[in-house]
Amino acid sequence: MIKAHGLSKIHDHAALLANVDLEVGRGKTFGLTGLNGSGRTTLLSILATLVKPTSGSLEMDGIDALKSPHLARPFIGYVSESPSFVDHLTVGEYLEFLSACRKSRSGIGPSATLSEETFGSFPRASPIRSLSRGLKQQLAWAAALMHAPRLLLLDEPMSHLDPLAGARCESALKNVRREGGTVVIASNHIADLQNLCDEVGFMHQGRLLKVVKLEGRDLNLADVLHDLIDQQLGSDSRVVPASSAAASRRDLP
């Protein structure tokens, strides 16, 4: 499904992403973790065709997503860490608007009622601006899933969800996988990655340091990341304040 090679992103002379190679097959769930600012969100934004890399190649489902992003977008669902909406619309108006937009592009109109089937009844008559942060997160999930995407990209997807909504989202994610879809999750919630992912990639300073297959193993992912960062710091021969190690343990409980 995903074949990325040499993805890099330079912004204001800073390397947000540095020569990332990534391959994720159909029916797989791939996790990304790392310290804050490690490049996970930048990588997801490139996979979602929202940000163009400075260099590298990206093929998704056989499509060159950098040359023809319009061909990739119809099968992508994306939940960002901080979803944004047209706040003056009601929930129902927003879902119908998305359904109409996708129909105009693909000729296939996804059902806006899918949100209710997955998450229970939304307050469809309520303006989006009146929703709690947790309900907005659920709405972002509903918008990402309503067209049955083959590729689901999630950035800290379980934040702000109550336990019931979290369970529904986890069930929806597993259903995407059962139907042959591919899921990429960026998260610092180790338990979620351990429970949901086939493989986990560890990022630091824009680099993908290592990919580990979980295969039912009870790995301490935080310890793996700390070891990888220590190795990276040693290979870079840079002096790093002791506070960096302490910060890493705060970021990954």
Side-chain angles (χ1 to χ4, degrees), residues 1-4 22-33 40 43-44 47-49 58-63 65 71-81 83 95 98-99 102-103 105-122 134 137-201 211-219 221:
M1 168 59 77
I2 299 174
K3 293 182 180 179
L22 178 66
E23 188 165 342
V24 185
R26 289 184 177 86
K28 298 296 184 180
T29 300
F30 187 91
L32 289 168
T33 192
R40 294 166 300 163
L43 179 55
L44 277 188
L47 296 180
T49 72
L58 175 60
E59 180 181 306
M60 295 195 293
D61 209 16
I63 295 170
L71 297 179
R73 287 169 185 157
F75 62 76
I76 296 173
Y78 178 51
V79 178
S80 70
E81 183 177 9
L95 291 173
L98 291 182
S99 179
R102 292 194 176 277
K103 182 177 181 180
R105 291 182 178 183
S106 66
I108 302 173
S111 173
T113 61
L114 179 61
S115 60
E116 293 182 356
E117 296 170 5
T118 305
F119 301 100
S121 296
F122 271 120
Q137 188 79 357
Q138 291 183 58
L139 182 58
W141 270 87
L145 290 168
M146 65 186 300
H147 62 296
R150 301 197 298 275
L151 175 59
L152 184 60
L153 305 172
L154 307 170
D155 195 357
E156 295 293 354
M158 303 300 185
S159 60
H160 314 299
L161 295 180
D162 60 53
L164 181 56
R168 286 171 170 166
C169 289
E170 183 175 323
S171 177
L173 185 156
K174 290 180 178 178
N175 187 56
V176 169
R177 175 179 171 176
R178 279 195 301 270
E179 294 182 357
T182 300
V183 182
V184 180
I185 308 172
S187 180
N188 277 341
H189 294 277
I190 297 300
D192 290 339
L193 298 179
Q194 190 78 51
N195 182 42
L196 298 170
C197 298
D198 302 293
E199 297 178 300
V200 173
V211 174
V212 173
K213 292 184 178 181
L214 296 184
E215 298 176 335
R217 293 185 294 170
D218 187 21
L219 292 176
L221 300 182

Q | Qualifying residues under side chain to side chain donor-acceptor pair (under 3.5 Å), relative to S80, sequence neighbours excluded | A |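 S80 satisfies side chain to side chain donor-acceptor pair (under 3.5 Å) with no residue once adjacent residues are dropped.
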Would you check if the side chain of [X] reaches a backbone N or O of [Y] as a donor-acceptor pair within less than 3.5 Å?
{"X": "T182", "Y": "L151", "answer": "no"}
{"X": "Q137", "Y": "P157", "answer": "yes"}
{"X": "S187", "Y": "E156", "answer": "no"}
{"X": "H160", "Y": "Q138", "answer": "no"}

Euclidean distance, [Y] [atom2] relative to [X] [atom1], rounded to 0.5 Å:
{"X": "R40", "Y": "L43", "atom1": "CZ", "atom2": "CG", "result": "10.5 Å"}
{"X": "L71", "Y": "D61", "atom1": "CG", "atom2": "CG", "result": "11.0 Å"}
{"X": "R150", "Y": "L152", "atom1": "CZ", "atom2": "CG", "result": "13.0 Å"}

Provide the full list of salt bridge (charged side-chain N to carboxylate O under 4.0 Å, His left out) pairs with a residue in residues 172-196, sequence neighbours left out, each pair given once.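 Pairs touching residues 172-196 that pass the test: E170-K174, R177-D198.
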| Please walk me through it: do F30 and I2 pass side-chain contact (heavy atoms from CB on, under 4.5 Å)? | CA-CA 11 Å; F30 187 91; I2 299 174; over 6 Å; no
**Report entry** Positive for side-chain contact (heavy atoms from CB on, under 4.5 Å) with D155, one of I185, V184, L32, L44
**Finding:**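 The residue from I185, V184, L32, L44 that satisfies side-chain contact (heavy atoms from CB on, under 4.5 Å) with D155 turns out to be L44.
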Are M158 and W141 close enough that some pair of their side-chain heavy atoms sits under 4.5 Å apart?
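With C-beta onward as the side chain, the pair touches.
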